[in-house]
Amino acid sequence: MREEELPESLSEQQGTRNVAGVNPRATDVLRRNGVKSWTKPAPSLYPHQWSWDSAFIALGLAHVDNRRATNELEALFNAQWSTGKVPHIVFNPEAPPKSYFPDAERWNSSALSEHAPTGARTSGLCQPPVHAIAVRRIWQTARGKDNERVARARAFLKSNYPRLFSWHRYLASARDPEGSGLVTIYHPWESGTDNSPRWDAALDKISVGEVPPYTRYDLQHVTDPSHRPTDSEYDRFLWLLELLKRARYDEADIYERHPFLVKDVLFSAILVAANEALLEISEVVEAPREDRALIEGWIERGRTGLEEQWDQELGLCVDKDVLAEEPLRVSTIAGFAPLIAGGLEKERLRDLLGTLDSEAFCRNGSLRYMLPPSTSPEEPGFHPRSYWRGPVWPVANWLLWWSLLRMGEDDRAEVMRRETLEELSEGGFAEYFEPFTGEPLGSGEQSWTAAVALDMLAAGDIG
Ligand code: 2M8
C-alpha cells in the first residue's frame, strides 16, 4: 500500500501528549511501515509480520487508529494454527525476494503439519503472548468514546476472545505438559530475546548436524554485523529448525526428542499478565464461567512456577533447562519476570526493585540513560552492541514500566518512561541502543519502538 493510501487518522493525535516531537514521528513510523492490514516490524530487515511485534504495534495503534489496531491482530490471528498456536512469523507473499532468511520455503510448515493454516504461510514457532494485553488496550482506548466505536471494540473482543483463549490454552497444555506453570520453548527465537546469554549453556550442549546451505540476508540491513547474532549462533538456530521440521512440528514428538527444551520465565510471566487481561476480556464478552475458572488457575500456577525459579543470589528469576534439569543462572532483564507476572509478596517486590536499582542494571554509573541493559554489564556474556546481549530495548523498558505501574511503583515507572522517551527523542526509533552511549543500533524505524512510545506518551489518559 502506498503511503497516501494509508488511513488519515494515523496522523491524528488522539489524546496523546507531544514530548519533544516523539509523538508525530512515532505515528509516521507506523504509517510508513504499514502494509495492507498489518505492519512490518522494520522497513527492510523484517519484511513479514511478527507475532509479538504485532501485539505491541496494536497497543500503540490503539491510541491513534483503533481500526488499524484491530486489523493488525485480526491479520495475525487469521494465521493461527489449529492447535491454538499463534505463529511467530506470518510470511508476506509480496516481500522482495532474498530479503529475509529463513523464508517460508525453509520452514515448509504447511506441507509438514496438518495443523498449519491453509490461507497463509507461517513459521513453525511462536513468541511471547502479548496479544491479550493489546486487545485490552483497544478496549480501554475505545471506552468512553462514541457509541459506534465502543460497539466496534466490543464486537472485536467478542469475535477474537475464542482465538485468544485457545492460544493461551495451547501454551498452558502443549507447552507445559508438566503443569509447572512455566512455558517450554523449543528455540531461542521463541523467547524473542534470540541471542541472549540466557541460552548459551543450553545451546552449547547441542551438537550441530548437517544444515542445508543458507545465506543470511539480515546482515545486509545493518551497518555493522556485530549488532546481529554471530554465524555460529545462526548455525545452531538453523539446526534446531531442521530438527523441528523432522518432527513435523508435532508437539509430542518435539517433547520426546528435541535437544532444546527450556522453561522461559519471561515468556511465562507475559502469559500470566496476558491471562489477567484475558480474564477482563472474558467478563466483557460474558464468557462461560468455566473459562474464567481455568484462566484464574493458569494465573495462579504461573506465579507459583515463577517463584520456584527464584535465585536469591542473583536477586532475579532464572530460566530452567528441562533436559539438564538445571537453572540457567544468567542476569538479564528476563529475570524481572515476577514483576511482570504481578501479585508479588512485599519481600519479593523489594528484592526485585533492589536488583533493578543496583549497579547490575539501572544504577550502573556508566549508563547514558537510567535504563536496564538487556543483559547485565556484570555478566561475562554481556556485549554492549550485540542484539540481546546488552543493548537497551525500548520494548523491554515498556514491559518494566507497565509492570511497575501495576505494582503501584509510580515514581520508578515515571523514571523509566521519561528516560525511554528522552532516549528516543535523541536517537530515533531504533530497534535497540548502546547502553553507555545511547547510540541507536540495529534497524532504524522499528515499529514496536514507535508503538511503545505512543503508549507511554498516552499514559495518564487511560485507565
Ligand atoms: C528478532 O528476531 C528475528 C527472528 O524471529 C530475527 O532476528 O531475525 C527479535 O528481536 C524478535 O524478538 C523480534 O520479534 C523480531 C522482529 O522484530 O526480530
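Heavy atoms only: backbone and side chains are in, while hydrogens, waters and symmetry mates are out. Both ligands and their constituent atoms are indexed starting at 1 by order of listing.
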Of Trp50, Tyr387, Tyr432, the one whose closest heavy atom lies nearest atom 9 (C) of ligand 1 is Tyr387
Anything under 30° is parallel, anything over 60° is perpendicular, the rest tilted; go ahead and classify Trp393 against Trp388.
parallel
In terms of side-chain heavy atoms, does Tyr214 have a donor or acceptor partner in Asp235 at a distance below 3.5 Å?
yes
Given Tyr100, Tyr46, Phe237, identify the one with the heavy atom nearest to atom 4 (C) of ligand 1.
Tyr100
What atoms in ligand 1 come closer than 4.0 Å to a heavy atom of Pro41?
17 (O)
Checking Ser374 against Tyr387: is there a side-chain donor and acceptor pair closer than 3.5 Å?
no
Below 4.5 Å, heavy atoms only, C-beta onward: do Val183 and Pro129 meet side chain to side chain?
no
Ligand 1 to His88 polar contact by distance, N or O atoms, under 3.5 Å:
yes
For ligand 1 and Trp189, I'd like to know whether there is a polar contact (N/O to N/O, distance under 3.5 Å).
no
With the threshold set at 4.0 Å, does a side-chain nitrogen-carboxylate oxygen contact exist between Arg175 and Glu251?
yes
Short version for Asp218: what comes under 4.0 Å of ligand 1, heavy atoms counted, is neither
Do ligand 1 and Trp393 have nitrogen or oxygen atoms that lie under 3.5 Å from each other?
no
Check the side chains of Thr184 and Asp176 for a donor-acceptor pair under 3.5 angstrom, ignoring hydrogens and angles.
no
For atom 14 (O) of ligand 1, find the nearest protein heavy atom and state the residue, atom name and distance (0.1 Å precision).
Asp53 OD1, 2.5 Å
